[in-house]
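In what follows, a single structure is set out as structure tokens and then discussed.
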Amino acid sequence: MLRREQRCDSIAHMSETSFPWPHAPVHQLSESGTFFVTASTYNQEQHFRGAERLAILQRGLIKVTQKYGWRVEAWAVFSNHYHFVAHSPIEEETAASLSNISMELHSKLALWVNRLDDAKGRRVWYNFRETQLTYEKSYLARLNYVHQNAVKHGLVAVANQYDWFSGVV
């Protein structure tokens with residue numbers, strides 16, 4: 001049986017421990033490598049519906065990842081989310097710049113789409129989630145997932161019919 005002081009110490013220790021939380025993922029970016037990244041809009045709102053908006057989202061994603069030295073292998077953008085597979089910069093020991101990519105891309109796109117919709121201050125993006133790909137099989141599976149995502153969502157019958165993914169450019 002724990003004494004009262006021991007119980008209090010135990011409870012205090014539990015509250016200091018960080019637990020993974022599915023609604024606000026802890027980003028595991030302490031190592032460089034290859035990552036699968038996905039991000040969605042807040043409440044899955046379709047802020048990027050239409051060719052012009054999808055083109056801006058795609059161009060922004062490519063420009064910002066290149067700015068931070070990430071080598072993107074596959075991407076797909078949609079009205080309410082995007083995915084990409086990329087390698088972190090070789091010269092960096094960590095993948096911490098992925099947070100900078102997300103912040104810059106999301107803030108610029110939010111300002112742009114909110115200006116278009118006359119919705120100043122509206123929250124556009126929810127968060128991003130990354131998975132480090134350490135096995136060839138999971139890497140190939142994620143590449144396939146990204147390229148087939150438009151088919152999965154019923155937007156096209158064949159992946160290469162979708163204009164806003166890396167298989168078209």
Side-chain angles (χ1 to χ4, degrees), residues 22-29 32-90 92 94-133 138-169:
H23 302 294
V26 176
H27 299 295
Q28 304 292 326
L29 303 172
S32 62
T34 303
F35 290 82
F36 169 71
V37 180
T38 187
S40 66
T41 57
Y42 187 66
N43 290 329
Q44 294 291 309
E45 293 289 329
Q46 296 189 22
H47 297 300
F48 298 93
R49 179 175 281 162
E52 178 190 7
R53 291 177 184 219
L54 286 168
I56 296 291
L57 173 55
Q58 179 173 258
R59 190 166 46 247
L61 175 64
I62 300 307
K63 286 176 89 170
V64 173
T65 52
Q66 286 176 346
K67 174 183 174 183
Y68 286 92
W70 282 68
R71 202 173 78 243
V72 180
E73 291 221 5
W75 72 86
V77 299
F78 302 94
S79 62
N80 63 356
H81 70 288
Y82 64 81
H83 305 289
F84 68 89
V85 174
H87 307 282
S88 63
I90 295 170
E92 293 181 15
T94 72
S97 60
L98 187 55
S99 292
N100 296 335
I101 289 169
S102 175
M103 284 190 305
E104 184 171 331
L105 178 65
H106 292 178
S107 64
K108 285 181 175 183
L109 288 168
L111 288 170
W112 177 76
V113 78
N114 281 345
R115 195 169 33 249
L116 278 179
D117 295 342
D118 196 24
K120 187 177 180 180
R122 173 182 61 183
R123 185 171 179 186
V124 174
W125 292 99
Y126 180 63
N127 205 337
F128 76 94
R129 182 177 220 90
E130 83 289 335
T131 303
Q132 187 170 14
L133 306 176
S138 62
Y139 166 74
L140 294 172
R142 292 321 191 298
L143 284 176
N144 185 60
Y145 179 84
V146 169
H147 284 144
Q148 296 299 319
N149 208 244
V151 175
K152 175 186 176 270
H153 289 293
L155 300 173
V156 293
V158 180
N160 67 3
Q161 295 172 335
Y162 191 69
D163 290 332
W164 300 280
F165 86 115
S166 52
V168 170
V169 174

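Everything numeric in this text was worked out from a predicted model, so none of it was measured. What you see below is based on every heavy atom in this structure, not just the backbone, and it leaves out hydrogens, waters and symmetry mates.
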Interatomic spacing from CD in E73 to CZ in R71 - rounded to 0.5 Å
5.5 Å
Atom pair CZ (F78) and CG (N149), whose distance is rounded to the nearest 0.5 Å:
4.0 Å
Kindly compute the distance separating CD (Q58) from CG (L61), expressed to the nearest 0.5 Å.
8.0 Å
Enter the distance from L57:CG to H47:NE2 here, rounded to the nearest 0.5 Å.
12.0 Å
Grab the two heavy atoms, one from A86 and one from V72, that are nearest each other, plus how far apart they are.
CB-CA, 3.8 Å
Kindly compute the distance separating CD1 (I101) from NZ (K63), expressed to the nearest 0.5 Å.
14.5 Å
Do Y162 and W75 have ring centroids that are under 6.0 Å from one another?
no
Please enumerate all residues that pass side chain to side chain donor-acceptor pair (under 3.5 Å) together with T65, with sequence neighbours excluded.
none
Can you confirm whether L109 sits close enough to W125 that some side-chain heavy atom of one is under 4.5 Å from a side-chain heavy atom of the other?
yes
Side chain T41, main chain V124, donor-acceptor under 3.5 Å
no
Taking every heavy atom of Y139 against every heavy atom of L133, the minimum-distance pair comes out as CA-CD1, 3.9 Å
Apply the test side chain to side chain contact (heavy atoms under 4.5 Å, CB included) to residues R53 and L116: give CA-CA distance (whole Å), side-chain angles for both, the deciding distance (0.1 Å), then the verdict.
CA-CA 10 Å; R53 291 177 184 219; L116 278 179; 3.7 Å; yes
Check this for me: does any side-chain nitrogen of one of E104 and K67 sit under 4.0 Å from a carboxylate oxygen of the other?
yes
Locate the shortest heavy-atom distance separating V113 from R122; write the atom from each residue and the value.
O-NH2, 3.7 Å
Is the distance between the ring centroids of H106 and Y82 under 6.0 Å?
yes
Quick one: closest heavy-atom pair of E92 and S97, and the distance?
OE1-OG, 3.4 Å
Measure the CZ-CG distance between F84 and L98 for me, rounded to the nearest 0.5 Å.
5.5 Å
